[in-house]
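A short worksheet on the structure shown next.
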Amino acid sequence: MSDFITKRAEDINQWYNDLVIKGELADYSSVRGCMVIKPYGYALWENMRDALDKMIKDTGHVNAYFPLFVPKSLFEAEEKNAEGFAKECAVVTHYRLKNDPDNKGKLIVDPEAKLEEELVVRPTSEAVIWNTYKTWIQSYRDLPLLINQWANVVRWEMRTKLFLRTAEFLWQEGHTAHATQAEAIEETKKMLGVYADFAENWLAIPVYQGVKSESERFAGAVDTYTIEGLMQDGKALQCGTSHFLGQNFAKAFDVKYQTTEGKDEYVWATSWGVSTRLIGALLMTHSDDKGIVMPPKVAPHQVVFVPFLHEKKPEQNQILIDKCNEFVTQFKAKGIRCKIDTDLMKRPGFKFAEHEMKGIPVRIVFGPRDLEENVAEVARRDNLSKESISQDKLVNHVENLLTEIQANIYNRAKEYRNTNTRECTDYEDFKSKIAEGGFVITHWDGTAETEEKIKEETKATIRCIPYDYEQTAGKCIYSGKETKHRVLFARAH
RNA sequence: AGGGAUGUAGCGCAGUCCGGUAGCGCACCUGGUUUGGGACCAGGGGGUCGCAGGUUCGAAUCCUGUCAUCCCUACCA
C-alpha cells in the first residue's frame, strides 16, 4: 500500500492492476478468476448501483429476483443463446459431499448424490426468466412487463482481469415483454439511452451508441445495441448492451398473450445489462500516474479532511478536528460525502499520496497556520492544483468544485476520445491507425467475411454501427464494394 | 488444449547450478526523535521453503510424481 503506482508509460496493464489493488477496490481471491470486492470498491459499486437503479425505476421498471441455477433443459430451450454460452458455463452435478474413507479429514463428492438433471449456474438469466414469464403473461393487459434484477452471474472465462473480466461478476439485467415489435425496439433503444446517460453524466465516460454487427451480437438477440468507451490504452471497451430479442425467447418458451381481438400472439422481448465492468471502465478512463481519479458523483468519499495532527499536541489536535467536524456537518447537510483522516501515525505527505491514489476528488487541509489565517487549503484530484480558500466561502466553493471536477474529467475524456476517433478510406492507413489505438470510422461492406479478415489482419473488431455518424454511401475499406455502412473499428478489451 | 515461466514470512524477492538446517526489502509490533508532499534511529515478532514420495548421516537445494498460478494463441459484460 505504501509503494507507488506503476506509470502508464512503463506498463499500462500493471498500472491498471495497481489502481485496483493499491487503491483498495478489490483483491485477488483464492478462487480462480474471481475477485474480492473490498469495502472501498463496494461503496463505489453501491453508489453506481443506486443511481442507475433510480434511473431504471424512473423509466417504469421494477426489481425482482430470479434463481441462480438454471436446469439444463431450460437453458437449452433457446438454441442460439444456449450455444453462445455453453462453452463458459459452470455446472452443478451433485448436491452432497461425504467423508473420504481413504483420507481422513477430507471430503469427496458423494457419487450417490448425482443430480437427475444438471443445474447451470446462470451466465445470464433469460432462460429462467422467460420460463417464469410464460406463467405471468396471459393477456395484452399483462403487458408490457418491465422487470429488472440485480444479481451475480458466472462466465467461466479463460483469461480474467480485475473488474473488466472476472468469472463471477455483479450486474443488473432487465428483461421486458411487449405486445408489439415497435414497442420492444423502442424499449431497447430507450434503455441504451439510459446507459449512455448514466455512463456520461455519472461516470463521466463518453460513449458511442450504436448497433452491433451480426458476429458481435448477443446470442439469441435479433439486434444488440451497445455503448462503447475508449480507454487510455487506446482500446475500446463495451460498457453496456441492450438487446432486441424479437420473439426468439417467446417462441422458445411459448410465451403468448391474447390480443383485444382474442387472438394468440407471441410477445416481443428485450434484455439489457451493465456490470461491475463499469468500474474498470471508470478507472481506465480517468486515472493517472498518481492513482485513481473518481468522478465526484459516484466517489465513495467526495471530500477528505486532513488536519495536521501532532502526537504531542492533543489540545491543538482537538481544535483542528473540531474545525473539520464543523465543516463536515455543513457538507453533509448538502449531501456531500466526506471523511476526516485523523490518523496520528502517518505524516501528511503520506496521507496526501494515499488519498490521491484512492482518487478522492477534493482534499481539504487544516493546519495551525490555516486556522490562524481563517483559511483552508483545497486541493483537487483531477488536475492536482491547490488553493487557499477563506473558511466562510469553503462550503460553497467545494460544492461548486465537485461539479466542476465532474465536468472537467468528462470533457477531458471526451477530448481524448474525439481526437482518437479518426476517419479513414485507405486500408494501409487503417492498419497503421488501428495500431496506434483509438476508434477508426470507415466503410464496411456488411459481410462477416470482411469483418473476419480485418480482425485477423489487424485485431480490430467492429465496435458498432454508430448513431453519431451519418450512414453515407462509400467504398468498403477492405473489399472496395459500394456500401452504406459506416462503422467504428477498434481493438477492444 | 499447445508453448514458456514461477511456487521460499502478509507483499515483493535472493538462496537451488555446487546438499550442511532460513535470508533481504517493504509491511507489522515496542521505544525514542520527527510531522505544510510518501520521516529517521534502535530493538522485536512472524516460515511444516506449493503438496506427496524417493536418494542421503543431512534436502528449499538432487530425483520422481502431483497441484496451483502467471504470460503468449481461440471465447468474452
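So you know, we letter chains A, B, ... as the sequences are listed, proteins then strands, and number each from 1. Model, not experiment: these values are computed from the prediction. We use all heavy atoms of the structure for the numbers below, so side chains are in, but hydrogens, waters and symmetry mates are not.
Expressed to the nearest 0.5 Å, how far NE2 of A/H493 lies from CG of A/L237 amounts to 6.0 Å.
Judged by a 6.0 Å distance limit and a 45° cone about the ring axis, A/R277 is not positioned over the six-membered ring of A/F169. Under the 6.0 Å distance and 45° angle rule, A/R417 counts as a cation-pi partner of A/Y208.
Below 30°, between 30° and 60°, or above 60°: for A/F218 and A/H243 the angle between ring planes is below 30°, a parallel geometry. Below 30°, between 30° and 60°, or above 60°: for A/Y195 and A/W272 the angle between ring planes is above 60°, a perpendicular geometry. Relative orientation of the A/F327 and A/F366 rings is parallel, given thresholds of 30° and 60° on the angle between their planes.
Taking a pair to require two hydrogen-bonding distances under 3.5 Å in either a Watson-Crick or a G-U wobble arrangement, B/A60 remains unpaired. Summarising the base pairing, B/G12 is matched to B/C24 through a Watson-Crick or G-U wobble pair whose two defining distances lie under 3.5 Å. Across all strands shown, nothing is found opposite B/G47 as a Watson-Crick or G-U wobble partner with both distances under 3.5 Å. B/A1 and B/U73 make up a base pair, with Watson-Crick or G-U wobble contacts both under 3.5 Å. Across all strands shown, B/U55 forms no Watson-Crick or G-U wobble pair with both distances under 3.5 Å. Summarising the base pairing, B/G19 is matched to no nucleotide, lacking a Watson-Crick or G-U wobble pair whose two defining distances lie under 3.5 Å. Figure legend. B/G38 is base-paired to no nucleotide; pairs are counted as Watson-Crick or G-U wobble with both atom distances under 3.5 Å. A 3.5 Å limit on both hydrogen-bonding distances identifies B/A68 as the Watson-Crick or G-U partner of B/U6.
Nucleotides B/A42 and B/A60 place their C1' atoms 32 Å apart, quoted to the nearest Å. Separation of the P atoms belonging to B/U6 and B/G47 is 27 Å when rounded to the nearest angstrom. Only the P atoms considered, B/G10 is 13 Å distant from B/G50, to the nearest whole Å. B/C11 and B/U69 have their C1' atoms separated by 16 Å, given to the nearest Å. B/C51 and B/A59: their P atoms are spaced 15 Å apart (whole Å). Only the P atoms considered, B/U56 is 16 Å distant from B/G19, to the nearest whole Å. Taking atom C1' on both nucleotides, B/A68 is separated from B/U8 by 16 Å, rounded to a whole Å. Taking atom P on both B/A5 and B/C62, the two are 16 Å apart, rounded to the nearest angstrom.
Annotation: proximity of residues 189-212 of chain A to RNA chain B (heavy atom, distance under 4.0 Å) is found for no residue.
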Kindly give the atom pairs (protein nitrogen or oxygen, nucleotide nitrogen or oxygen) under 3.5 Å for nucleotides 75-77 of chain B.
from  : atom 1 : to     : atom 2 : distance (Å)
B/C76 : O2'    : A/E157 : OE2    : 3.2
B/C76 : O2     : A/R165 : NE     : 2.4
B/C76 : N3     : A/R165 : NE     : 3.1
B/A77 : O3'    : A/Q238 : NE2    : 2.5
B/A77 : O3'    : A/R277 : NH1    : 3.4
B/A77 : N6     : A/T166 : N      : 3.2
B/A77 : N6     : A/T166 : O      : 2.9
B/A77 : N3     : A/S275 : OG     : 3.0

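Each of A/P368 and A/K459 has a nearest nucleotide on RNA chain B; the 5'-most of these lies closest to A/P368.
Atom CG in A/L384 sits roughly 12 Å away from atom C1' in B/G37 (whole-Å rounding). To the nearest angstrom, P of B/U34 lies 17 Å from CG of A/L309. For the pair A/L320 CG and B/G36 C1', the interatomic distance rounds to 12 Å; values are reported in whole Å. The distance from atom CZ of A/F350 to atom C1' of B/C26 is 11 Å, rounded to the nearest whole Å. Residue A/Q316 contributes atom CD, which lies 12 Å from atom P of B/U35 at whole-angstrom precision. One interatomic measurement links the two molecules: CG of A/L344 to C1' of B/U34, which rounds to 13 Å at whole-angstrom precision. The interatomic distance linking A/M345 (CE) with B/C29 (C1') rounds to 11 Å, in whole Å. Counting to the nearest Å, the P atom of B/U35 and the CZ atom of A/F352 are 15 Å from each other.
A/Y478 and A/F489 have their aromatic ring centers separated by at least 6.0 angstrom. For A/Y133 and A/F253, the ring centers sit 6.0 Å or farther from each other.
A close approach under 4.0 Å does not occur between any side-chain nitrogen or oxygen of A/K351 and OP1 or OP2 of B/G36.
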Chi angles and distances behind the side chain to side chain donor-acceptor pair (under 3.5 Å) call for A/K161, A/N13
CA-CA 10 Å; A/K161 186 162 186 174; A/N13 291 316; 3.0 Å; yes

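Looking at the side chain of A/H310, the nearest of the listed nucleotides B/G37, B/G36, B/U35 is B/U35.
For the side chain to side chain contact (heavy atoms under 4.5 Å, CB included) test, residues two or more places apart in sequence or in another chain that qualify with A/T59 are A/H61, A/K190, A/M191, A/V194.
Here A/E356 lies in heavy-atom contact (under 4.0 Å) with a base.
The pair A/R463-A/E228 counts as a salt bridge, with a side-chain nitrogen and a carboxylate oxygen less than 4.0 angstrom apart. Between A/E457 and A/K453 there is no salt bridge, since no side-chain nitrogen of the basic residue lies less than 4.0 Å from a carboxylate oxygen of the acidic one.
Evaluation of atom-type donor-acceptor distances gives no pair under 3.5 Å for the side chain of A/R347 against the base of B/G36.
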